[in-house]
There are 2 protein chains.
Amino acid sequence: MSLLTNALEEIPDIVISRLPIYLRTLRLLDAQGAEVTSSQELGQLLGLSSAQIRKDLSHFGEFGKQGTGYNVAYLCNQLEKILKVDCVWPVILIGAGYLGHALASYNGFEHRGFRIVGVFDSDENKIGTTIGATVIQSIDAIAATIQRYRCQIAIIAVPATAAQQVADLLIATGIKSILCYAPITLTVPAHVRVEYIDPVIYFQHMTFYLTKGCIDE
Amino acid sequence: MSLLTNALEEIPDIVISRLPIYLRTLRLLDAQGAEVTSSQELGQLLGLSSAQIRKDLSHFGEFGKQGTGYNVAYLCNQLEKILKVDCVWPVILIGAGYLGHALASYNGFEHRGFRIVGVFDSDENKIGTTIGATVIQSIDAIAATIQRYRCQIAIIAVPATAAQQVADLLIATGIKSILCYAPITLTVPAHVRVEYIDPVIYFQHMTFYLTKGCIDE
DNA sequence: GTATGTGAAGACTTTCACAGCG
DNA sequence: CGCTGTGAAAGTCTTCACATAC
């Protein structure tokens, strides 16, 4: 099978969603000096079955050696190509509150393929101030930045009440993928992909399995 | 069928994972003054089929009226009971960097069932300083806080290099569920549940579907 | 011997479609 | 008439188990 996705086969989205996790773990193994790994070792580290990992990778080609396993550096490289993160993608960030500051200050994006190229807020008092070396700009400046960098990805880190409005603006300006930290489900056209990060959703998932033990009981 | 989970039926985890999203949306509808909704309306708002929503809810009881739909406030209440968030859970936060500050300053936890009751860091210079009204404490003080609040949930917001060590400590002290912001997969015993938030995982998922357009090309 | 890649089997999830009730 | 709740059907995903290659 050819390396990159061929149109002959539709790759399940759930498979794609695991690849970044494989990549993250392989990079860790690489950093630890491992030259070779196996589906079994990876599975152990990730809490997945070895068959799952082999099957997932088989959608994209044959990367291993029977009897030996996978070359860590090589598999990293291949996954980076498949995910198209063998380069740096420009990302814009809307919202310069505490969360926006945390994201803009995080230095773990670049070596995994992403760079925040613009931070925007609607608060007059914040515009013109800086986060590290980045100047916070007016919402009105978004379009120019998107066009300049041909930016396709945006992070929404504004309050829930403003999020849909911001999303509409971003989509109108050409953004194709949104990572939304606001705790609402956005309404977007079919060609736009949205992923959500809301810690409370995870907490509420956890509590189902915990024995109730609240503060006010 | 009885209201709360009966042992007769094992409810799929994937169903549980959607309930917090239903709840979030129902609360929004409630805030907007809606008295009644339908599986169709909810599905539209969430991008899910109406059948999916009805089937999911059917695991827990019969909450709707045929011909009418669901009473928003009532369904909210029932979901809160099912998820056990009809009260406030104590949560501890490890790591007082930018992200820790953002989490500790966020005021959207309490009304959805969670309160950060302690913030901890290993940095001597941070210990004793405050985030809002919360004093940052030494890692050594974790056990006392967990016991005092009978805390079962922790947030890890420390660098990847320290995360496993922190997780081990938390688990030894009785924590049952961890929300991990560090970009690594933790190794934990079977009785501990971990959920992960790593924005890069989402970005790398998005880029698979985008046409390559990086900064340095 | 060891570990991959893969059809086939099994398990799980979603959707269909309609009886039944308000 | 409209919408729920639900068996049955369809679809999707994971695991099994083994031929194959190193």
Side-chain angles (χ1 to χ4, degrees), chain A residues 1-3 5-6 8-19 21-22 25-26 29 34-76 78-79 82 205, chain B residues 1-6 8-19 21-22 25-26 29 34-76 78-79 82 205 208:
Chain A
M1 189 184 292
S2 71
L3 169 62
T5 314
N6 42 43
L8 304 175
E9 184 198 9
E10 194 59 42
I11 292 161
D13 184 62
I14 195 162
V15 171
I16 308 300
S17 71
R18 281 190 292 264
L19 299 186
I21 299 169
Y22 297 165
T25 304
L26 286 161
L29 288 172
E35 302 237 315
V36 168
T37 188
S38 63
S39 59
Q40 199 156 68
E41 182 182 36
L42 268 178
Q44 190 114 54
L45 288 169
L46 294 171
L48 301 173
S49 75
S50 59
Q52 171 113 85
I53 289 166
R54 293 200 301 279
K55 180 71 100 180
D56 282 353
L57 295 177
S58 77
H59 286 97
F60 304 93
E62 310 195 352
F63 304 114
K65 276 204 182 65
Q66 284 159 323
T68 309
Y70 301 93
N71 178 292
V72 173
Y74 176 73
L75 186 51
C76 270
Q78 295 304 302
L79 285 176
I82 292 165
H205 184 180
Chain B
M1 190 184 292
S2 71
L3 168 63
L4 288 175
T5 315
N6 43 43
L8 304 176
E9 184 198 9
E10 194 60 40
I11 293 160
D13 184 63
I14 196 161
V15 171
I16 308 300
S17 70
R18 281 189 292 264
L19 299 186
I21 300 169
Y22 298 166
T25 304
L26 285 162
L29 288 172
E35 302 236 317
V36 168
T37 187
S38 64
S39 58
Q40 199 157 69
E41 182 182 37
L42 268 178
Q44 190 114 55
L45 288 169
L46 294 171
L48 300 173
S49 75
S50 61
Q52 170 115 86
I53 289 166
R54 292 200 302 279
K55 179 72 100 182
D56 282 352
L57 295 177
S58 76
H59 286 98
F60 304 94
E62 311 197 351
F63 304 114
K65 276 204 183 66
Q66 284 157 325
T68 310
Y70 302 91
N71 178 292
V72 173
Y74 176 71
L75 187 50
C76 270
Q78 295 305 301
L79 285 176
I82 292 166
H205 185 180
F208 179 84

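So that the names make sense, note that chain A is the first sequence line, chain B the second, and so on, each numbered from 1.
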Q. Expressed in angstrom and rounded to an integer, what is the separation of A:Ile53 atom CD1 from D:dT14 atom P?
A. 12 Å
Q: Find the distance A:Gln78:CD to C:dG5:P and express it as a whole number of Å.
A: 12 Å
**Q.** A:Phe60 CZ to C:dT6 P, straight-line distance once rounded to whole Å
**A.** 13 Å
Q. Are any of B:Ser39's side-chain N or O atoms less than 4.0 Å away from OP1 or OP2 of D:dC3?
A. no
(Q) Please determine whether a side-chain nitrogen or oxygen atom of A:Tyr70 lies at a distance below 4.0 Å from atom OP1 or OP2 of C:dG5. (A) yes
Q: Take atom CD of B:Gln52 as the centre, draw a 6.0 Å sphere, and report whether it contains more than 12 heavy atoms from other residues, nucleotides or ligands.
A: yes
**Q.** A:Gln78 and A:Leu57: CA distance, side-chain angles, deciding distance, side-chain contact (heavy atoms from CB on, under 4.5 Å) verdict
**A.** CA-CA 10 Å; A:Gln78 295 304 302; A:Leu57 295 177; over 6 Å; no
Q: Taking only the side-chain heavy atoms of A:Glu62 (C-beta and beyond), determine which of C:dT14, C:dT4, C:dT6 contains the nearest atom.
A: C:dT6
Q.
Rounded to whole Å, please give me the gap between NE2 in B:His59 and P in D:dG7.
A. 11 Å
**Q.** Any pair counted as salt bridge (charged side-chain N to carboxylate O under 4.0 Å, His left out), so long as it reaches residues 35-55 of chain B, sequence neighbours left out
**A.** none
Q. A:Leu57 has an atom CG; how far is it from atom P of D:dT14, in whole Å?
A. 13 Å
(Q) To the nearest 0.5 Å, what is the distance between CD1 on B:Ile82 and CD1 on B:Ile11? (A) 8.0 Å
**Q.** Rounded distance [0.5 Å steps], CG in B:Leu42 versus CD1 in B:Ile53
**A.** 5.0 Å
Q: Quickly work out the A:Gln40 CD to D:dA17 P distance and round it to whole Å.
A: 15 Å
Q: Begin with the C-alpha distance, continue with both residues' side-chain angles, and end with the deciding distance and a verdict on side-chain contact (heavy atoms from CB on, under 4.5 Å) for B:Lys65 and B:Val36.
A: CA-CA 10 Å; B:Lys65 276 204 183 66; B:Val36 168; over 6 Å; no
Q: Using whole Å, report how far CD1 of B:Ile16 lies from P of C:dT13.
A: 11 Å
Q: Name all residues meeting the side chain to side chain donor-acceptor pair (under 3.5 Å) criterion together with A:Asn71; count only those two or more places apart in sequence or in a different chain, and write none if there are none.
A: none
Q: Let me know the distance between CD1 of B:Ile14 and C1' of C:dT13, rounded to the nearest Å.
A: 7 Å
Q: Using a 4.0 Å cut-off on protein heavy atoms (strictly under), produce a 5'-to-3' string for nucleotides 15-22 of chain C with B for base contact, S for backbone-only sugar-phosphate contact, and - for none.
A: B-B--BBS
